[in-house]
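Below, read A as the first sequence line, B as the second, and so on, with proteins coming before strands; counting in each chain starts at 1. Here the structure is a predicted model, which means the values were calculated and not measured.
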2 protein chains.
Amino acid sequence: MNLKQLAEHLGLSQTTVSRALNGYPEVREATRKRVQDAAREFNYAPNVRAKGLATGRAMSIGHVIPVSKKHEIVNPVFADFITGSSEVYSKAGYDLVISLVEDGDQEQRYRELHAKGNVDGLIVHGPMRVDSRIEFLAELGMPFVVHGRASDIGSDYAWIDMNNRRAFHRAATLLIELGHRRIGLINGIEAMDFAYRRRQGYAGALEDCGIPCDPDLLFAGEMTENLGFCAMRDMLLLDDPPTAVLTSSIIIALGVRHAMDDAGLVLGRDVSLVSHDDDLSYLRNRADVPVFTATRSPVREHGATAAEMLIRMIENPGQPPEHVLLEADLILGRSTGPAPRPG
Amino acid sequence: MNLKQLAEHLGLSQTTVSRALNGYPEVREATRKRVQDAAREFNYAPNVRAKGLATGRAMSIGHVIPVSKKHEIVNPVFADFITGSSEVYSKAGYDLVISLVEDGDQEQRYRELHAKGNVDGLIVHGPMRVDSRIEFLAELGMPFVVHGRASDIGSDYAWIDMNNRRAFHRAATLLIELGHRRIGLINGIEAMDFAYRRRQGYAGALEDCGIPCDPDLLFAGEMTENLGFCAMRDMLLLDDPPTAVLTSSIIIALGVRHAMDDAGLVLGRDVSLVSHDDDLSYLRNRADVPVFTATRSPVREHGATAAEMLIRMIENPGQPPEHVLLEADLILGRSTGPAPRPG
DNA sequence: ACTGTTTTCCAAAGCGCTTTGATAGCCGCA
DNA sequence: TGCGGCTATCAAAGCGCTTTGGAAAACAGT
């Protein structure tokens, strides 16, 4: 059933039917009602491509997710982020199209998405510390919101980010206040902006307290359970092992706990742990007293906010780009305790 | 830059330019070359909505992902599944649109996707044991492939599934052969078809060996780390605790290990564990000798295969629906061992 | 030179919608 | 009665592409 058929059936013109359905005022209420009823009866929904052609709007939004071919890893954060966005989109009538793109052909794919015109705007995931995509997109003139930031960008652009540096500064400070001096960091890949900032926060807290930064306690990599396990295992073999660690994701924290269990150590007593917690739905760390002490920032909410920002940009072009910086909550759980007395 | 402009620039008609770019034979090779060069020079890419309108094809595929509002959980399997599909789609020129839909308005959303015409086909995730969506979609006449199966469906439909029943039958049999008699099961929600079949496989293996099925050892729920933890903790408190458990996902298995560590027990010695392993990228269980003994079936490959099936259905309508049943590998890891001697 | 093929290109219709500009019909007011 | 100003509706153009049905040009065969 299409507009033409519906109009014929009603004995009206396409114009009137279209207007009735789209809420324009120049149609009598009785007529509008009649049209709406018929539309419902025949399950009429306007063809989205035709509508897009006519209006110049695609009514869909693209999420561009980088996939490193080498690691074949999709950051599990995306699933929750998208869940957050999705609800906002469907309320506003947008579709969500996902584009996994490999390291190499990033710019080509952006250009393509733009030229093909199948999205009205983009969400950019996983910005690197230095990320050419952003300048490129800005030149392309398509609205976009970055989840995270890139550090060295000349132009202004819209982003939503967590205050990674402060979160890790606070977490490290907490550990220091508990008496810890040997504090490890198991981070994401530090070419990624978020991981770099977390590292800075960690290093800054140590520096503020005059604690030297020991490279033997620094690890970075894809945030898998295995990374946490290996890093912790290696650190425990050191002559002077850490009494506390900071981890960049709950998945890493699970690996850390695993290594500690293997070594017969108890989390929160022998070694303290503070993790960042994206509040992923299947890795909830939300008991009355959570298992892990954590800096928590629900990524699902980031997704919803980013979606709202982007829709605003699309629907009111010409506004200056918005920036949202969210603070993480520091949640006390059972994985932290005072530093054990040496010996 | 659009077709018209490109054609004018080249001094050709739109027809010829269109044909040149789409590989039709009735255009001179020299002309084609000239057109292609110009297209590249101006970054011309045909507007996908206009193309869709003209051809009646959307060149995009929808993934419908059920979200239970109650649990607010997105199964992490989807991320990897989609990664597998995505590559196939982009090679074949399709876009991927994602539709998270809540329990209630399933059918409405399918109908909408169909009427709006923004997808050529659908992948249906998370089928329930009894799932009205499938009959509904079949009536709608839109090509679709189900990831998993529903049990009681009259009509024939395309699906790709793992042999859940056999996998869990084999896993349970392995444990029985190792001397275990008290074997727990921590499963997904058993209204879901895959979980129901796993339960059947487990129960069948016990029955084959004349071992009674103890309801105290049966758990089912959203497959989170917490489910594994709580279930195992509870089972360890039983008068006659299990010496082995089967889990439906590695995330559950992590929770089980956690509970065991808390109880001071060693995996593979005190209690054996076999998990199903979807081979998720950030929870790899792939050491030389894997941590967990597991039934492994890489969900990313399921995604790719499903995508290929669906594209075949779209491009050759009228063929009978394909079915793919994959066997899981049984991988021996360090989490299994002979049943401990009683006492 | 004349016809029949083949090659190469083109004009125009059509996909399903929105939107502009026009047209009736009706009201009130002089 | 006639005219301006509304209201409710419509016809038609246009969005950017594909594709049908020609037609001109080039070529081949007699």
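- Mapped onto DNA chain D by nearest heavy atom, Arg49(B) and Thr16(B) fall at different nucleotides, with Arg49(B) at the one closer to the 5' end.
- Read 5' to 3', the first and last nucleotides of DNA chain C with an atom closer than 4.0 Å to a heavy atom of chain A are dG16(C) to dG21(C).
- Aromatic rings of His147(B) and Phe194(B) (six-membered ring for Trp) have centroids beyond the 6.0 Å cut-off, not under it.
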field: From CA spacing to verdict: salt bridge (charged side-chain N to carboxylate O under 4.0 Å, His left out), Arg40(B), Asp37(B)
entry: CA-CA 5 Å; Arg40(B) 204 166 306 118; Asp37(B) 289 348; 3.5 Å; yes

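- A straight line from CG of Leu10(A) to P of dA8(D) spans 17 Å, rounded to a whole angstrom.
- Where Ala54(A) and Ala50(B) meet DNA chain C, the nucleotide closest to each residue was compared, and Ala50(B) sits on the side nearer the 5' end.
- When all heavy atoms of Glu135(B) and Ser155(B) are compared, the closest pair comes out as OE1-OG, 3.4 Å.
- One interatomic measurement links the two molecules: CZ of Arg32(A) to P of dT7(D), which rounds to 14 Å at whole-angstrom precision.
- A straight line from CD of Glu26(B) to P of dA23(D) spans 17 Å, rounded to a whole angstrom.
- Residues Glu8(A) and Lys4(A) have side chains in contact (heavy-atom distance under 4.5 Å, counting atoms from C-beta outward).
- When each of Tyr24(B) and Leu53(B) is assigned the nucleotide of DNA chain D bearing its nearest heavy atom, the one mapping closer to the 5' terminus is Leu53(B).
- Residue contacts shown for Thr15(A) include a base, since a base heavy atom lies under 4.0 Å away.
- Side-chain contact annotation: Ser60(B) with Asp120(B), donor-acceptor N/O pair under 3.5 Å absent.
- A side-chain donor-acceptor contact under 3.5 Å links Ser13(B) and Thr16(B).
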